[in-house]
Each structure stands twice: as C-alpha cells, then as structure tokens.
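Structure first, commentary second.
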Amino acid sequence: MKVNTQSVNFNADRKLIDFLQNRLNKVETFYSKVISSDVYMKVENTSSKVNKIVEIKINVPKDKFVVKKQCKSFEEAVDSACNSLERRLIKQKEKLRVQA
C-alpha cells in the first residue's frame, strides 16, 4: 500500500515513519482493496500533554475512510487510529459480502 505522510510543526524521524508503515500494512490484511493512505501528523501548541494528532485517510474503491486521534504520543495515536480503521474496514467488508 502506498502511504503518504506529512508532519506539521515537526520533523518525523525514520523510526516513526517505519512504525506507521508497519501498522498500516497490518490494516491492509483486513481489507485487501486498499488503494492508498494519507497520514497527517501534527503537534498542537497547547500546555496539555495530549497534543499529538494523527489523521489517517484510507482510500478504497468507491469510498474513503477518515480517522482522527489525539494522544500523548504519535505511536499511541497511530495504534488507536489503526484499530478504529480495522473495525470500519471489517464492517465495510461485511456490508459488501451481504450485498453480493
């Protein structure tokens, strides 16, 4: 799967991008028709510790799924967002199976 990543207000290191790529590859096992994904990682300027935002957009044929999570670390936000995406992709797969 092609993954486009953008980091806003910081420079993402290689370790974070590799973690993101590996986690999204696991998501692809639940729904094989994923075309591409766009990931936006942002650091919000607040005094709160929960200031890391990850937004993942997954493109599938005839549809698009968007999940946005805010957590203490990017790894935690990516993991949480991918769990949500897995549930949504499984629902989509079941819906397509019922229609066929």
Side-chain angles (χ1 to χ4, degrees):
M1 167 185 7
K2 187 172 190 266
V3 178
N4 301 318
T5 54
Q6 289 186 354
S7 51
V8 181
N9 297 336
F10 77 104
N11 292 325
D13 64 340
R14 189 82 227 148
K15 191 171 130 182
L16 179 60
I17 292 173
D18 289 341
F19 174 78
L20 178 68
Q21 182 72 46
N22 288 336
R23 191 63 180 92
L24 284 173
N25 286 341
K26 289 179 186 174
V27 169
E28 194 175 20
T29 61
F30 291 95
Y31 194 81
S32 60
K33 297 177 183 175
V34 175
I35 299 168
S36 66
S37 62
D38 300 319
V39 180
Y40 302 99
M41 297 181 283
K42 303 172 191 170
V43 177
E44 204 173 59
N45 291 332
T46 63
S47 59
S48 171
K49 290 182 182 177
V50 184
N51 65 344
K52 305 327 187 264
I53 301 170
V54 172
E55 184 175 335
I56 302 176
K57 295 180 183 178
I58 298 266
N59 298 311
V60 296
K62 300 180 184 175
D63 214 348
K64 189 183 292 186
F65 298 104
V66 180
V67 175
K68 188 175 184 179
K69 296 290 179 180
Q70 185 169 352
C71 295
K72 290 180 183 177
S73 71
F74 284 112
E75 289 82 2
E76 184 183 356
V78 166
D79 204 37
S80 178
C82 287
N83 287 337
S84 295
L85 278 171
E86 288 168 1
R87 286 193 300 274
R88 289 180 71 180
L89 289 173
I90 289 170
K91 276 186 185 178
Q92 177 72 8
K93 197 173 183 179
E94 289 296 321
K95 194 184 294 183
L96 290 174
R97 188 176 293 148
V98 168
Q99 289 176 355

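We count residues from 1, following the sequence as given.
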Yes or no on side chain to side chain contact (heavy atoms under 4.5 Å, CB included) for Ile17 and Gln21, after CA distance, side-chain angles and deciding distance? CA-CA 6 Å; Ile17 292 173; Gln21 182 72 46; 5.5 Å; no
Run Gln99 and Lys95 through side chain to side chain contact (heavy atoms under 4.5 Å, CB included) and show every step you take. CA-CA 6 Å; Gln99 289 176 355; Lys95 194 184 294 183; 4.1 Å; yes
I'd like to know whether Val27 forms a side chain to side chain contact (heavy atoms under 4.5 Å, CB included) with Val34, so could you lay out the CA-CA distance, the side-chain angles of the two residues, the decisive distance to 0.1 Å, and finally the verdict. CA-CA 9 Å; Val27 169; Val34 175; 5.7 Å; no
Apply salt bridge (Lys or Arg N to Asp or Glu O under 4.0 Å) to residues Glu94 and Arg97 and explain how you reach the verdict. CA-CA 5 Å; Glu94 289 296 321; Arg97 188 176 293 148; 2.9 Å; yes
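Separating the CG atom in Asn9 from the NZ atom in Lys52 is a distance of 11.5 Å, to the nearest 0.5 Å. Distance CD1/Ile58 to CG/Asp63: 11.5 Å, rounded to 0.5 Å. Going from atom CG of Leu20 over to atom OG of Ser37 covers 7.0 Å, rounded to the nearest 0.5 Å. Atom CD in Glu28 sits 11.0 Å away from atom CD1 in Ile35 (nearest 0.5 Å). In this structure, CZ on Arg88 lies 13.0 Å from CD1 on Ile90, to the nearest 0.5 angstrom.
In this structure a side-chain-to-backbone donor-acceptor pair under 3.5 Å is present from Thr29 to Lys26. Panel note: side chain Gln70, backbone Val50; a donor-acceptor pair is recorded below 3.5 Å.
Hydrophobic clustering (side-chain heavy atoms under 4.5 Å, transitive across Ile, Leu, Val, Met, Phe, Trp, Tyr) keeps Phe30 apart from Ile56. Connection of Val60 to Leu96 is established within a shared hydrophobic cluster, with ILVMFWY side chains joined at heavy-atom distances below 4.5 Å, either directly or through further cluster members. In the hydrophobic clustering of ILVMFWY residues, with side-chain heavy atoms under 4.5 Å counting as a link, Phe19 and Phe10 come out together. A continuous path of Ile, Leu, Val, Met, Phe, Trp and Tyr side chains, each step under 4.5 Å between heavy atoms, connects Val54 with Val67, placing both in one hydrophobic cluster. In the hydrophobic clustering of this structure, Val43 groups with Leu16; members are Ile, Leu, Val, Met, Phe, Trp, Tyr whose side-chain heavy atoms approach within less than 4.5 Å, directly or through other members.
Between Ala77 and Cys71, the shortest heavy-atom distance links the atoms CA-SG, 3.7 Å. When all heavy atoms are compared, the tightest approach of Lys33 to Pro61 is O-CD, 3.1 Å. Considering all non-hydrogen atoms of both residues, Ser7 and Ala12 come closest at OG-N, 3.6 Å.
No side-chain N or O of Asn59 forms a donor-acceptor pair with one of Lys57 less than 3.5 Å apart.
Centroid-to-centroid, the aromatic rings of Tyr31 and Phe65 stay 6.0 Å apart or farther.
Applying the salt bridge (charged side-chain N to carboxylate O under 4.0 Å, His left out) test to pairs two or more places apart or on separate chains, those with a residue in residues 8-17 are Arg14-Asp18. Screening residues 75-87 for salt bridge (charged side-chain N to carboxylate O under 4.0 Å, His left out) gives Arg23-Asp79, Arg23-Glu86 as the qualifying pairs, with residues at least two apart or on separate chains.
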